[in-house]
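Take a look at the structure below.
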Amino acid sequence: MRKPYTLFSLQKRIVTVGLVLILLACTLGVRLFIVQIINGKDMQTRALDQWTRDLALVAPRGNIYDTTGDTLAVSYTTYNIYVRGREVMNAEETARALADILDIDYENTLNKVKNKNISESLLKMQVDGDIAEEIYAKSLSGVYLAENVGRYYIYGDLMTQLLGFTSLDNDGQSGVEAYFNTYLKGEDGYSYVQSDLLGKEIGGNLRYYVSGVAGDDMTLTVDSKIQMILEEVLEKAYEEQKAKSVTGIVMKPKTGEILSISTKPSFDLNEVPREELASLFSMSRMSAVTDTYEPGSTFKILTVAMALEEGLTSLDDTFYCPGYRIIDGQRIKCWKTTGHGNQTLAEAFSNSCNCCFMDLALRLGTDRFYSYAEKFGLGQKTGITISGESAGILMKKENVKTVDLARMGFGHAIAVTPIQLLSIVCGIVNGGVYHTPSIVTSAVDVYGNTTYTPIVQEKRLVSKKTSEIINSFLKLTTNKTGDYTFVEGYNIGGKTGTAQKYNENGQIAQGKYISSFIGTYPADDPEYIIMIMVDEPSAGAYYGSIVASPYGREFYEKLFSYYNIPKDDPSASRKEIVMPNVVGKGISVALAELKVLGLYVEVDGEGTIVTSQLPPAGTICYEGETILISTA
C-alpha cells in the first residue's frame, strides 16, 4: 500500500518553497513596476538631484522695439555669485575677498561661507562681467559663478511707465515687461555637475548643459522720436507749471495705435529706485490708464456728438447764455459768469459755454445719454494691454437727477481715464469709427513665428457727417482769429478743459485742478491726436487754455520741425502783440482793449476791476492766444 502524504513530506516542501518563490517574484515584479514605470521619472529626478549640483542658466528676455525698428530694451549677460561652504578652504580669506569685490557685508558673507549645512548660498545677483572676471581670477575654492541676464534700456528715462522694468529674478514688474512677461521671459536652461555624498564636486567629471530658449521679441506701436518730443514737452510743463504730474498721449485716430504715452515725473529704467517703494510705485504707474478724473470741457466733444446724432441740434441752432442755468433749484454757473449772450452752436462750442451743453444734455434725456454712454464705452475698460486699467465712474442711471445730467453735459459728475476719453474722441474725429487702443504690434519667437498680435475691435460711434461737423468745431475753437493760426500755417483743431479735483471725502479740493488739451492734426482728417493733462498746476493759472494748450502747440511745432512737414498754408501768419497792462482797469474796458488786439480772454472771478493778469505786461504774445485776467 502507498504511504499517504504528510505535512513534512518532500513533495509538500517543494510545493511550499515554489509557492513562496512565486509570491516573492510577484512582489518584486510589482515593486519593480511601481519603481520603474509608475515612479520612474520621479525617482530619476531625485537620483539626479542627489548625484549632481545644478545652476540655472537664465534665458535672455526678448528685445523690445519701437514701430520703426529702433531698439528700446535688450538683455545682456550678468552673473550670480554662489558659495558652497563644504568646498571652501579658507573661510575668512574667501569672505574678505568676496565682501570687498562685491561691496557686501563681511559678517553676513562669512556666515554663508562657513555654513556647511546647506549645499550652496547666494551672495549676490546681477553682477557685471568685469566684477565676475575679478572673482574668477582669484580661483577661490567653493565659489561659483552662474550666468544670469540683466536688462538694459537704450534711452534710460524714456517710456518709463510704458516699458516698465524687471526684478533681479528677471521677471517683469510693471509696464510692457510685466503685462507681456510670459512672452518676453523665455525658458531657462541648466548646468549640471556631479558631486559626492557631501555635495562636493567630483573632480575630472563632465558638466552637462541644458540650453535655454530666449524670449520673444516684441514690437510696439510707439515711435521713439515722437516719444522724445512728447516727453521733452511734458518735462517742461511739469517744471514751469509746478505741477503734481503731467501726462501726455499721442495716438493715430484711424487705427487706435498709441504713438507716445508718458507721465512726468519719471525715472531712469537703468537705475530703478527700488529702496524708495512709495516713489517707485507712484512714478511707474501708467496714470493715463489707471487714474480717473473729471474731464471738464473736453467732454463737450462727446455731448455735442450725441446731440448731433440724435438730430437734437444743428448748425442753425442758437443758445442764450446769461452766465448760469437754474436746474432743480440749483444755480449752475457758466465759466464766464457774465454770460456769452446769443450764440450759434459752433460759437457755443468755441466759447466752451456750459449753458449750451447743459441744454444739449437735457434735450438728450437720461435714457438717450446713457445709451450713448454705453455705446462710447464710458464706465468700461478700453481693453488696452496695460495692467491696472480703470473703467472710469458713471453714476447708475436710476440715481441720476436732472441736475446731474446737466452737469454731465459739460464734463462734470462723471469720471474717465485719459486713454478712455482720448480713444472715444479718436473714434469721433476719424470719421466715426472707434478702435481699441493698442500699444503692441506683434511678438515673434526665436524661430520667426508670430506668437502675438493685438485684437483690435471696431465699432461705429457717429456718422461721417457728425464727425465732419465736430472737426470743423475743433478747428474753429483752436484758430480763433483765422485758419492756420494756432501753429502758424498748420491746420490744427483742439479743445481745452478745466476740471476741479475732489478729496477723499468727495468734497471739492479747493485750489486743485486738472488742466487739459486735446489737439488734432490735420483738423479736417486727423492723423495725429494729442492729449496733455497738467495735474494740480500751481504757477498762477489753472485754465486748460492757459496751462495745457501752449504745450500742445509746442508739441506740434516740434513734430512738424522734426519730420519737416510742410505748412498747409505757407501764407498764414500770426501777428506779434506786446501785452498791455490792464491791471486796475474796469473789466469791460480791459476786455474791449484785449479783444481789439486779437487776444482771447478768460476771466477768473466776478469782480468789476482787474486785479492781475497772465502773462504780465510787456510779454510778447501772438494774435489768438488766450490771456487770463483776474477780478478776484
Side-chain angles (χ1 to χ4, degrees), residues 67 221-223 226 230 248-261 288-289 295 297-310 315 346 349 372-378 380-385 416-441 454-479 486-487 490-497 516-532 552 555-556 559-560 563 565 568:
T67 189
T221 62
V222 175
D223 186 322
I226 294 178
L230 178 67
I249 313 171
V250 182
M251 292 181 69
K252 295 176 70 173
K254 295 180 180 179
T255 64
E257 293 175 316
I258 293 175
L259 295 174
S260 176
I261 186 168
V289 173
S297 293
T298 50
F299 189 86
K300 292 172 181 175
I301 299 171
L302 279 63
T303 303
V304 74
M306 298 177 191
L308 285 168
E309 279 293 285
E310 287 297 305
L315 293 175
F349 188 91
Y372 277 98
E374 182 178 359
K375 183 179 181 180
F376 287 178
L378 296 170
Q380 306 168 36
K381 295 182 180 181
T382 66
I384 189 172
T385 50
V416 297
T417 64
I419 191 64
Q420 184 184 62
L421 179 62
L422 193 61
S423 298
I424 296 169
V425 174
C426 282
I428 292 174
V429 303
N430 69 2
V433 180
Y434 175 90
H435 299 82
T436 304
S438 59
I439 59 169
V440 173
T441 300
I455 299 174
V456 178
Q457 297 181 340
E458 298 182 8
K459 60 180 178 180
R460 178 160 291 280
L461 298 186
V462 296
S463 67
K464 189 174 182 180
K465 181 180 178 181
T466 295
S467 179
E468 290 172 350
I469 293 173
I470 290 176
N471 283 335
S472 69
F473 287 176
L474 292 170
K475 182 178 178 180
L476 175 64
T477 302
T478 301
N479 304 282
F486 181 72
V487 173
Y490 291 92
N491 185 20
I492 296 175
K495 186 77 183 75
T496 60
S516 60
F517 169 76
I518 292 177
T520 61
Y521 176 80
D524 299 326
D525 187 20
E527 296 288 342
Y528 300 96
I529 185 166
I530 183 176
M531 174 185 239
I532 290 181
F555 168 81
Y556 278 120
L559 179 73
F560 300 149
Y563 286 102
I565 298 174
D568 299 298

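Along the sequence shown, residues carry numbers from 1.
Rounding to the nearest 0.5 Å gives a distance of 10.0 Å between OG1 of Thr417 and CG of Leu422. A distance of 4.0 Å separates OG1 of Thr385 from CD1 of Ile439, quoted to the nearest 0.5 Å. Taking OG1 of Thr496 as the start and CD1 of Ile518 as the end, the distance is 10.0 Å to the nearest 0.5 Å. Atoms OG and CZ, from Ser516 and Phe299 in turn, are 13.0 Å apart once rounded to the nearest 0.5 Å. Atom CG of Leu230 and atom CD1 of Ile530 lie 5.5 Å apart (nearest 0.5 Å).
Under the rule for a salt bridge (charged side-chain N to carboxylate O under 4.0 Å, His left out), the partners of Lys252 that lie at least two apart in sequence or sit in another chain are Glu257. Partners of Glu468 under the salt bridge (charged side-chain N to carboxylate O under 4.0 Å, His left out) rule, at least two apart in sequence or in another chain, do not exist in this structure.
Paired with Asn491 under the rule side-chain hydrogen bond (donor to acceptor under 3.5 Å, both in side chains), one option of Thr520, Asp524, Asp525, Asp568 passes, and it is Asp524.
By the neighbour-count criterion of 12 heavy atoms within 6.0 Å, atom NZ of Lys464 is sparsely surrounded, having that number or fewer from other residues, nucleotides or ligands. By the 6.0 Å contact criterion, CD on Gln380 is enclosed, its count of non-hydrogen atoms from other residues, nucleotides or ligands being greater than 12.
When only modelled atom types and interatomic distance are considered, Glu309 and Tyr372 share no side-chain donor-acceptor pair under 3.5 Å.
A pairwise comparison of heavy atoms in Ala288 and Pro418 identifies O-CD, 3.3 Å as the closest pair.
Within the 4.5 Å cutoff, side-chain heavy atoms of Leu308 are placed close to those of Ile470. Residues Tyr521 and Leu559 fail the side-chain proximity criterion, which asks for heavy atoms closer than 4.5 Å.
Taking the six-membered ring for Trp and the full ring otherwise, the centers of Phe560 and Tyr490 sit less than 6.0 Å from each other.
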